[in-house]
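In what follows, a structure is listed as structure tokens, so that the remarks can point back to it.
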Amino acid sequence: MNFRTLNRKLTMAQPASLTRIGLAGLAVMGQNLALNIAEKGFPISVYNRTASKVDETVERAKQEGNLPVYGYHDPKFFVQSIQKPRVIIMLVKAGAPVDQTIKTLSAHLEKGDCIIDGGNEWYENTERREKAMSELGLLYLGMGVSGGEEGARHGPSLMPGGSFEAYKYIEDILLKVAAQVPDSGPCVTYIGKGGSGNFVKMIHNGIEYGDMQLIAEAYDVLKSVGKLSNEELQSAFSEWNKGELLSFLIEITADIFGIKDDKGEGHLVDKVLDKTGMKGTGKWTVQQAAELSIAAPTIEASLDARFLSGLKEERVEASKVFKSSGFDEILSDQHVDKKQLIDDVRKALYAAKICSYAQGMNLIRAKSIEKGWDLKLGELARIWKGGCIIRAIFLDRIKKAYDRNPNLANLLVDPEFAKEIVDRQSAWRRVVCLAINYGTSTPGMAASLAYFDTYRRERVPANLVQAQRDYFGAHTYERIDMEGSFHTEWFKLAKQSRT
């Protein structure tokens with residue numbers, strides 16, 4: 001290949017003037033976000049380490065309406081094609097690939113230019129990179145992007161955090177590219193300083209884990225206990241999606257039950273292997289819950305359920321052991337009223353969701369206090385109303401709860417949510433008890449119920465735990481009737497009482 005041909009290939013389809021923004025990393029999410037930006041009227045330069053992805057993206061842009069997308073195979077020409085101050089969004093795999101991409105791009109950037117990481121990155125990595133970039137005179141944002149490939153193409157929920165100056169550079173783009181909700185506006189806001197954008201996206205994903213687990217448990221109870229067919233399940237979930245459970249996840253779940261297997265008989269959902277994958281954000285959420293001493297049992301249960309699902313071979317062998325021991329014969333075989341069960345499961349799912357979202361919001365608030373981010377929980381609920389995976393009509397209720405009381409200790413004690421839980425608790429308890437009697441596991445619903453039952457009690461049995469700790473480790477305890485810290489020689493007193 002001669003120099004003229006090479007140069008033409010490197011600077012393919014150059015715009016007449018500099019582009020407004022750049023995007024590096026052209027897997028499905030990157031391609032779709034680039035096309036979304038171009039479709040909103042912002043000429044965009046794109047780059048990928050694998051050149052074929054650049055060509056593929058440019059070709060898609062032509063096919064989808066001659067969108068102003070300009071591809072570059074060389075990082076230097078890519079950077080130079082963007083107007084100053086340059087803004088480049090990265091959508092590459094978290095970790096080392098992000099550092100490598102930053103290294104490649106920053107070699108050609110100038111002071112005042114900005115890099116935005118749109119991946120699911122650990123928030124402390126974002127803070128480390130922001131500091132390193134500032135030493136080079138560069139600005140840095142960590143921006144959560146939720147909504148999957150469909151959201152990226154047609155309107156995601158965007159959670160940018162880091163340099164406010166960098167955010168103002170591209171606020172006009174993000175306001176148009178984000179999902180648009182008629183009554184509350186674009187699903188984007190400046191989240192806060194440091195790694196707050198990535199942290200909020202991580203907790204969003206943790207809530208998503210809980211949501212998906214609770215829906216899976218609702219499905220399991222209806223199928224295993226209620227013996228609902230896929231047609232009946234689709235009907236039930238479609239009906240639920242018209243009311244308080246209206247959401248993206250309920251909608252796609254109803255769709256899934258209606259898809260026939262294109263490679264055999266029956267429905268596709270029944271042929272899908274029962275092993276759940278994960279990419280780490282759920283685990284990070286649970287680790288942060290432990291670090292912050294914030295109870296998040298529903299999210300933790302969802303993570304444990306994924307771990308257990310991965311033990312497919314062990315579960316197959318265990319099922320043989322317990323079947324041969326006659327275990328199945330002791331399970332309840334009482335008659336179940338399908339209509340009543342469907343209604344009870346709907347109420348249980350809604351109540352359990354309130355607990356799951358409450359846990360996520362409490363995690364965000366605790367980290368915000370620790371880091372001094374001053375995050376607005378109501379505003380986060382607003383930007384999750386569209387575009388993102390957990391988008392739901394329910395989020396409008398959460399926003400209003402925090403509007404009524406920005407310092408709300410827990411969603412459970414918001415007057416409206418408190419009333420709804422009380423109204424649904426009988427159905428919730430019936431579902432969990434029924435599942436237990438049938439040997440059908442509902443770890444998420446049960447964890448949510450335990451969370452509610454613990455949180456609503458004035459006195460819990462922690463007094464005994466504290467007495468035990470003081471007995472064996474002299475850890476001391478406080479009293480309810482006087483101030484101070486106390487230690488008792490329990491062993492000596494117990495020995496005296498036995499003589």
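- Checked for salt-bridge contact, Glu239 and Arg346 miss the test: no charged N lies under 4.0 Å from a carboxylate O.
- Ion pairing between a basic and an acidic side chain is recognised when a charged N comes within 4.0 Å of a carboxylate O; Asp453 and Arg457 show no such pairing.
- Using a cutoff of 4.0 Å between basic side-chain nitrogens and carboxylate oxygens, Glu165 and Lys168 are not scored as salt-bridged.
- Distance check: Ile364 CD1 to Ile294 CD1 gives 11.5 Å after rounding to the nearest 0.5 Å.
- Rounding to the nearest 0.5 angstrom, the gap separating the CD1 atom in Ile102 from the CD atom in Gln100 is 10.0 Å.
- Judged as a side-chain contact (heavy atoms from CB on, under 4.5 Å), and not counting sequence neighbours, Ser134 has no contacts.
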Would Tyr219 and Phe257 count as a ring pair (Phe, Tyr, Trp, His ring centres under 6.0 Å) if you check the C-alpha gap in whole Å, the side-chain angles of each, and the deciding distance to 0.1 Å? CA-CA 10 Å; Tyr219 153 65; Phe257 292 132; 5.3 Å; yes
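- Using cut-offs of 30° and 60° for the angle between ring planes, the Tyr167 and Tyr190 rings count as tilted.
- For the atom pair CD of Glu130 and CG of Leu139, the computed distance is 8.5 Å after rounding to the nearest 0.5 Å.
- The aromatic rings of Tyr451 and Tyr455 lie parallel to each other, with less than 30° between the two planes, well short of the 60° mark.
- Glu217 and Gln213 are linked by a side-chain donor-acceptor pair at a separation below 3.5 angstrom, with hydrogens and angles left out of the test.
- Looking at Thr281 and Asn120, their side chains never bring a donor and an acceptor atom within 3.5 Å of each other.
- With rounding to the nearest 0.5 Å, the separation of OG1 in Thr57 from CG in Leu23 is 8.5 Å.
- For the atom pair CD1 of Ile299 and CG of Leu363, the computed distance is 6.0 Å after rounding to the nearest 0.5 Å.
- When side chains are defined from C-beta on, Met159 counts as touching Ser146, because their heavy atoms get closer than 4.5 Å.
- For the 3.5 Å distance criterion, the side chains of Ser356 and Thr298 fail to qualify, holding no donor opposite an acceptor.
- Side-chain contact check for Asp211 and Tyr357: at least one donor-acceptor pair (N or O, by modelled atom type) lies under 3.5 Å.
- Atom CZ of residue Phe199 and atom NZ of residue Lys371 lie 10.0 Å apart, to the nearest 0.5 angstrom.
- The pair Glu39-Arg153 meets the salt-bridge criterion, with a side-chain N (NZ, NE, NH1 or NH2) lying under 4.0 Å from an Asp/Glu carboxylate O.
- No salt bridge links Glu416 with Lys400; every basic N to acidic carboxylate O contact stays at or beyond 4.0 Å.
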